[in-house]
Each structure stands twice: as structure tokens, then as C-alpha cells.
Amino acid sequence: MPDYKNMTAVEDLRHAKEVSGLTAEEIASRMGVTPRIVRSYLDRGADYEPGLGKIPGLCRAMGNRVLLDWIAANL
């Protein structure tokens, strides 16, 4: 199990994507957003994270609850 408490938001997003086995394009399509938006969430150099309201959609699109587990570990 990943150490969610010591992961950054971007590291957790990248982990959730890896667990899903989906491409950024597939996630974007499932969310109804552009692939550029999803890639910006995954970019280590960007200072752009999804708002709290996007988390459920990302979880549904990726078919996992990795992001929710990260949030719970950091509360």
C-alpha cells in the first residue's frame, strides 16, 4: 500500500492513473474534459491541481478510490 501521507497531490494523481491503466485521453473522455486538463493535473512541474469538486469525477473516470484514500490519509 502506498504511503499516502507522504505523497504529494501530483504523485497521488499519477499513482491513481497508473492503477487505472488508462491514458490521460481516456480519463479526459470519461470526464468530459480535454486531455490537456488531465495532463496538467499529472504534470509534476505545474502548479495546477484539480479542485475538490473534480475528485469524484476523477475517481469515477479512473475506476478507483486512490484519490479519496489520499485525502483521508491527509485529514
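Residues take their numbers from the sequence shown, with the count starting at 1.
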Trainee: Check whether any side-chain N or O of E18 sits under 3.5 Å from a backbone N or O of H15 as a donor-acceptor pair, and report yes or no.
Mentor: no
Trainee: Rounded to the nearest 0.5 Å, what's the gap from CE on M31 to OH on Y41? Could you check?
Mentor: 5.5 Å
Trainee: Would you check if L52 and I71 make a side-chain contact, meaning some heavy-atom pair closer than 4.5 Å?
Mentor: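 Yes; the side chains approach each other to less than 4.5 Å.
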Trainee: Is there side-chain contact between V38 and V33, with at least one heavy-atom pair below 4.5 Å?
Mentor: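 Answer yes - side chains close enough.
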Trainee: Can you name the ring-ring contact (aromatic ring centres under 6.0 Å, His included) partners of Y4, sequence neighbours left out?
Mentor: none
Trainee: Got a second to check how far D3's CG is from D12's CG, nearest 0.5 Å?
Mentor: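 Separation between the atoms: 11.0 Å.
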Trainee: Between the main-chain N or O of K5 and the side-chain N or O of W70, is there a donor-acceptor pair closer than 3.5 Å?
Mentor: no
Trainee: If you apply the rule side-chain contact (heavy atoms from CB on, under 4.5 Å), what do you find for L67 with M62, and how did you get there?
Mentor: CA-CA 10 Å; L67 299 175; M62 291 188 278; 3.8 Å; yes
Trainee: Using a 4.5 Å cut-off on heavy atoms from C-beta on, say whether the side chain of V66 contacts that of C59.
Mentor: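 Side chain of C59 against side chain of V66, heavy atoms only: no contact under 4.5 Å found.
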Trainee: Can you tell me how far NZ of K17 sits from CZ of R39, rounded to the nearest 0.5 angstrom?
Mentor: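 It comes to 10.5 Å.
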Trainee: Between L58 and I27, does a side-chain contact (heavy atoms from CB on, under 4.5 Å) hold up when you go through it step by step?
Mentor: CA-CA 8 Å; L58 281 163; I27 295 167; 4.2 Å; yes
Trainee: I'd like to know if the side chain of S40 reaches the main chain of I37, judged simply by a donor and an acceptor atom lying under 3.5 Å from each other, with no hydrogens or angles considered.
Mentor: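 Yes.
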Trainee: Per the side chain to side chain donor-acceptor pair (under 3.5 Å) rule, what does the pair list look like for residues 54-68, sequence neighbours excluded?
Mentor: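 Sorted result for residues 54-68: R65-D69.
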Trainee: Tell me the closest heavy-atom pair linking R30 and A61, and the distance in Å.
Mentor: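 Minimum heavy-atom separation between R30 and A61: NH1-O, 2.9 Å.
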